[in-house]
Amino acid sequence: LLPQTILTPAQGVEEKIIGNRNEMLPTPWLGKALNAARSVCRVLVGNRAEGSGFLLEGGYLLTNSHVLPNEARIRLASIEFNYEEGQSGKSATYTLDPTSVRRSPEALLDYCIVKVVNNPQKPLSHWGFLELETQTEVREGDAANMIQHPWGNLKQIAFRDNQVLSIWGDSIFYTTDSEHGSSGSPVFNDDWKVIALHRKGFNEADGGMVINANGDKKAANM
């Protein structure tokens, strides 16, 4: 191991953290982000992209209930991995098993978990799976990184201007950007563990969202 270098400030030279938190991260953080991105897919119904989703351990897809609201839609659905810039023709598509589904109503947690049918030509294990954060409590001001397929287009990552605004009941509100088609995306902390399932958002022009029990409204995603 290389010894840690300790520098003392040069005389008359000052360096400062700007803002209320240190935004510097170790360079392997980028590799962890790319590794997490492998497990994120876009969800298609027929030939139309309807949302995003991601793999859980055991070969299950997690997305929103409003993306796959019923068995008929699941029978028409497929998921596509590696739909990314620079990967033309290298994506992989899988169908879903409509007999193996768990969901919540859209008005509540809005989740749908469905078994993915493996493809022997490209084993599902190639894409890994995402871990849910079960140990560390989410707090206001934490990072809320998101990997998504906005408008059903190529995969994108949002990790700037992305703080958690509020935690209220079963919902986390955050400033991370999203678009139509981002529904079902994983929201990560800086350890690249999933802290939320993205479902919707409203900006100031829409009137914002109520983000706490006090009735405060802000432009936010959740």
Check your understanding: Do the side chain of Asn64 and the main chain of His66 share a donor and acceptor less than 3.5 angstrom apart?
Key -> no

Study note, to complete from the structure: Tightest non-hydrogen contact, residues Trp192 and Ile157, listed as CH2-CD1, 3.7 Å

Practice item. Indicate yes or no for a side-chain donor-acceptor contact from Gln148 to the backbone of Asp177 under 3.5 Å, with no hydrogens or angles considered. Key: yes

Check your understanding: For Ile211 and Ser166, which heavy atoms make the closest approach, and how far apart are they?
Key -> O-OG, 2.6 Å

**Study point:** Main-chain N/O of Lys193 paired to Asp191 side chain as donor or acceptor, under 3.5 Å
**Key:** no

Check your understanding: When the ring centroid of Phe81 is compared with that of Tyr94, is the distance short of 6.0 Å?
Key -> yes

**Study point:** Main-chain N/O of Gln135 paired to Glu133 side chain as donor or acceptor, under 3.5 Å
**Key:** yes

Exercise for review: Say whether, by atom type as modelled, one donor and one acceptor occur between the side chain of Ser52 and the main chain of His149 under 3.5 angstrom.
Suggested key: yes

Point to revise | Nearest heavy atoms of Thr63 and Ser183, plus distance in Å | key: OG1-O, 4.1 Å

Point to revise | Residues, nucleotides or ligands: over 12 heavy atoms within 6.0 Å of Asn47 CG | key: no

Check your understanding: When you look at NZ of Lys218, are more than 12 heavy atoms from neighbouring residues, nucleotides or ligands closer to it than 6.0 Å?
Key -> no

Check your understanding: Would you say the side chain of Tyr60 lies within less than 4.5 Å of the side chain of Phe129, judging by non-hydrogen atoms?
Key -> no

**Study point:** Residue pair Cys112 / Val67, side-chain heavy-atom distance below 4.5 Å
**Key:** no

**Study point:** Contact check, side chains of Ile79 and Leu96, non-hydrogen atoms, under 4.5 Å
**Key:** yes

Point to revise | Hydrophobic cluster identity match, Leu154 and Trp127, side-chain contacts under 4.5 Å | key: no

Practice item. May I ask you to decide if Met146's main-chain N or O and Ser185's side chain share a donor-acceptor pair within less than 3.5 Å? Key: no

Review point. Ignoring hydrogens and geometry, is there a side-chain-to-backbone donor-acceptor pair from Asn221 to Thr176 under 3.5 Å?
Key: yes

Check your understanding: Shared ILVMFWY cluster between Phe54 and Ile113, side chains joined below 4.5 angstrom?
Key -> yes

Check your understanding: With under 30° as parallel and over 60° as perpendicular, where do the rings of Tyr174 and His198 fit, or are they tilted in between?
Key -> tilted

Check your understanding: Has the side chain of Asn82 got a donor or acceptor atom that lies under 3.5 Å from a matching backbone atom of Lys90?
Key -> yes

Review point. Hey, does Lys155 have a side-chain heavy atom less than 4.5 Å from the side chain of Gln87?
Key: no

Review point. For the residue pair Ser65 and Arg103, what are the closest heavy atoms and their distance?
Key: OG-NH1, 3.0 Å

Exercise for review: List the atom of Ala37, the atom of Glu84, and the distance in Å for their closest heavy-atom pair.
Suggested key: O-OE2, 4.4 Å

Exercise for review: Spell out, as yes or no, whether a donor-acceptor pair under 3.5 Å connects the side chain of Arg199 to the backbone of Glu106.
Suggested key: yes

Point to revise | Heavy-atom neighbours of Asn118 CG exceed 12 at 6.0 Å | key: yes

Point to revise | Gap separating the CG atom of Leu197 from the CG atom of Leu132, nearest 0.5 angstrom | key: 10.0 Å

**Study point:** Nearest heavy-atom neighbours spanning Val114 and Ile74
**Key:** CG2-CG2, 4.2 Å

Check your understanding: Out of curiosity, Phe188 CZ to Asn162 CG, how far, rounded to the nearest 0.5 Å?
Key -> 12.5 Å

Revision key, fill the gap. Rounded to the nearest 0.5 angstrom, the OG-CG distance for Ser39 and Leu62 is 12.0 Å

Check your understanding: Quick one: does Glu80's side chain get under 4.5 Å of Leu44's, heavy atoms only?
Key -> yes

Check your understanding: Are the side chains of Leu56 and Val194 in touch, meaning some heavy atoms are under 4.5 Å apart?
Key -> no

Revision key, fill the gap. Taken to the nearest 0.5 Å, the spacing of His180 NE2 from Trp151 CH2 works out to 6.0 Å

Check your understanding: What's the spacing between Lys32 NZ and Thr27 OG1 if we round to 0.5 Å?
Key -> 10.5 Å

Review point. CG of Asn145 to CH2 of Trp29: how many Å apart, nearest 0.5 Å?
Key: 5.0 Å

Review point. Under a 4.5 Å side-chain heavy-atom rule over Ile, Leu, Val, Met, Phe, Trp and Tyr, are Trp168 and Leu109 clustered together?
Key: no

Review point. Should Leu25 and Leu30 be regarded as members of a common hydrophobic cluster, given that ILVMFWY residues are connected when their side-chain heavy atoms come within less than 4.5 Å of each other, either directly or indirectly?
Key: yes

Exercise for review: Let me see the working for Ile172 and Val187 under side-chain contact (heavy atoms from CB on, under 4.5 Å), right down to the final yes or no.
Suggested key: CA-CA 10 Å; Ile172 298 174; Val187 183; over 6 Å; no

Exercise for review: Check whether any side-chain heavy atom of Asn189 sits under 4.5 Å from a side-chain heavy atom of Asp142, and report yes or no.
Suggested key: no

Review point. Looking at side-chain heavy atoms only, is the closest gap between Val45 and Leu68 below 4.5 Å?
Key: yes

Check your understanding: Does Thr175 reach the main-chain N or O of Gln163 with its side chain, forming a donor-acceptor pair under 3.5 Å?
Key -> yes

Check your understanding: Do Phe173 and Ile195 belong to the same hydrophobic cluster, where Ile, Leu, Val, Met, Phe, Trp and Tyr are linked whenever their side-chain heavy atoms lie under 4.5 Å apart, directly or via other members?
Key -> no

